Amino acid sequence: MTIEGKRVLLIVSGGIAAFKALELIRLLRGCGCGVTCVLTTAGAQFVTPLSLQALSECKVYTDLFSLTDESEMGHIQLSRSADLVVVAPASADILAKMAAGLAGDLASTLLLATDKPVLVAPAMNMRMWQHAATVANMALLAARGIHVVGPDEGAMACNEFGPGRLTEPPAILAAIEALLAPARPLAGRHALVTSGPTHELIDPVRYIANRSSGRQGHAIAASLAELGARVTLVSGPVSVPDPIGVTVKHVESAQQMLDACQAALPADVAVFAAAVADWHVARAASGKIKKLPGAAPPALELVANPDILATVAQSGPRRPRLVIGFAAETDDLMANAQAKRARKNADWIVANDVSPATGIMGGEENVVHLITQDGVEDWPRLAKQEVARRLAARIATVLR
Ligand code: CTP
């Protein structure tokens, strides 16, 4: 896939690096990608609308209140006219405006009004880049799904050395290509993922459950879909939203989760990230159990649930080529995880320490160890999304 025939809305904000936008336009045009430029007032101090227009071969927009521009193409329409919005260079000022949701000029209005993905290439003095305000703005923008490329480290126009230089145009082009024409190594593959807790009924209003949020499993399903896989996500009750581009089967109990998994087979890869309850109540009451005065608390008889991972991993010809389990442990992490891999016939185990002090269960980050037939890899502390991306990339190396 290429970016030929795609369209980029390029916002050029103020900064000495604005001249590099010209090179970026040349590279994009060379790939057959259309470019419409928007120049901020500060950006116009560094490059002229005429040079942007000459290279993009397209009208350059500068003014929010231009009647001519509005009659040709309203600013809302302009904000949605491209496949991707790129801000290069992105000054501290425009990043702060984006974080705050300001819309006082054309560029910030377009960024607030757009429904397209946005990529920013920051460029500023290193102290401005490292300032707590910019750091907080970047964290907020990243959490909102804004894509970032750079900045690089190096000598700056102000004779300082450090992070803040605009990434070179070829690297910005590569980031644009990754967004507009992503590699899809898992195209044509089917991935099955379980996620979240299960609820085991005691009576119609009470259940046994655990603290799983579903964040890690859902992120894995989303990452596999991003790499082109057709994904079936079997999810227990969670409050995180269904990932985009994934078929989600909502279940409550372990038995329902097993049935949904078996119905989803065959699959090329199965990732069992759900925290399945180990037991269910032998005879769940059909009506609400009442507290009768003086009566003893009810005794719950528990029965083992089916092991979904082990069942699928031992399903003979229907076994997915790659079966991956999780081992959430509070003690003897590696020994327990290795034993689990053998006992459940999994190919890989993603082991993590879920002791309360780690904050992993229900949290945003994870520290995992990937156990494969070749040994153990210790991964650094990462956002659950990043763990998911790395795992999906590893899966792609096996299934491609
Ligand atoms: N798993 C499953 N079905 C179950 C229990 C677990 O599919 N009924 C899967 C989980 O999704 C996970 C792996 O098995 O991928 C490990 O689950 P875990 O609960 O940590 O292990 P258990 O087998 O329950 O062992 P223990 O409770 O002794 O740690």
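The figures here come from the full heavy-atom set of this structure, side chains too, leaving out hydrogens, waters and symmetry mates. Since the model is a prediction, treat every value here as computed from it, not as a measurement.
Here the side chain of Arg144 pairs a donor or acceptor atom with the backbone of Ala99 at under 3.5 angstrom. Side-chain N or O atoms of Asp203 include one that pairs as donor or acceptor with a backbone N or O of Ile289 at under 3.5 Å. Put simply, the side chain of Ser66 never gets that close to the backbone of Asp63: no donor and acceptor are under 3.5 Å apart. Thr167 contributes no side-chain N or O that, together with a main-chain N or O of Pro151, makes up a donor-acceptor pair within less than 3.5 Å. Side-chain atoms of Lys116 come within 3.5 Å of backbone N or O of Arg80 as a donor-acceptor pair. Between the Thr134 side chain and the Gln130 main chain, no donor and acceptor come within less than 3.5 Å of each other. Glu70 contributes a side-chain N or O that, together with a main-chain N or O of His75, makes up a donor-acceptor pair within less than 3.5 Å. A distance-only check finds no donor-acceptor pair linking the side chain of Arg381 to the backbone of Val367 [under 3.5 Å]. Here the side chain of Thr198 pairs no donor or acceptor atom with the backbone of Val276 at under 3.5 angstrom.
For the residue pair Asp268 / His190, no side-chain donor-acceptor distance below 3.5 Å is found, with atom types taken as modelled. Side chain to side chain, Gln373 and Asp347 fail the donor-acceptor criterion of an N or O pair below 3.5 Å. Asp242 and His250 share a donor-acceptor pair across their side chains, judged by distance under 3.5 Å alone. Side chains of Ser195 and His218: a donor on one and an acceptor on the other come within 3.5 Å. Of the N and O atoms on the side chains of Gln255 and His280, not one donor lies less than 3.5 Å from an acceptor on the other residue. With hydrogens and angles left out, the side-chain atoms of Thr358 and Asp353 include no donor and acceptor closer than 3.5 Å. Between the side chains of Thr36 and Arg7, at least one donor-acceptor pair of N or O atoms lies under 3.5 Å.
By the side-chain contact (heavy atoms from CB on, under 4.5 Å) test, Ala42 pairs with Thr40, sequence neighbours left out.
Here the options are Arg215, Glu386, Gln216, the test is side-chain hydrogen bond (donor to acceptor under 3.5 Å, both in side chains), and the partner is Asn366; only Gln216 passes.
Contact between Leu95 and Asn137 at its shortest, heavy atoms only, is O-CB, 4.4 Å. Heavy-atom minimum distance, Met124 versus Ser91: CE-C, 4.0 Å. When every heavy atom of Thr232 is checked against every heavy atom of Ala264, the shortest pair comes out as CG2-CB, 3.9 Å. The two residues Ser355 and Thr330 have their closest heavy-atom pair at OG-O, 3.5 Å. Heavy atoms only, all atoms of each residue included: Glu200 and Ala277 are closest at CG-CB, 3.5 Å. The minimum heavy-atom distance between Val312 and Pro320, with the atom names listed, is CG1-CD, 3.7 Å.
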Practice prompt. Run the numbers on Lys344 and Asp307 for salt bridge (charged side-chain N to carboxylate O under 4.0 Å, His left out), then give the verdict.
Written response: CA-CA 9 Å; Lys344 301 199 183 200; Asp307 191 308; 2.8 Å; yes
Item to complete: Could you give me the CA-CA distance, side-chain angles and deciding distance for Cys37 and Val35, then say whether side chain to side chain contact (heavy atoms under 4.5 Å, CB included) is met?
Response: CA-CA 6 Å; Cys37 294; Val35 185; 4.0 Å; yes
Item to complete: Could you give me the CA-CA distance, side-chain angles and deciding distance for Glu226 and Arg184, then say whether salt bridge (charged side-chain N to carboxylate O under 4.0 Å, His left out) is met?
Response: CA-CA 7 Å; Glu226 269 169 27; Arg184 293 169 69 80; over 6 Å; no
Discussion item. Does Glu301 form a salt bridge (charged side-chain N to carboxylate O under 4.0 Å, His left out) with Arg283? I'd like the steps, not just the answer.
Written reply: CA-CA 8 Å; Glu301 186 192 333; Arg283 286 165 294 280; 2.6 Å; yes
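A cation-pi arrangement is absent between Arg165 and Trp129, since the terminal nitrogen or guanidinium carbon is not both under 6.0 Å from the aromatic centre and inside a 45° cone about the axis.
Residues Ser79 and Val85 fail the side-chain proximity criterion, which asks for heavy atoms closer than 4.5 Å.
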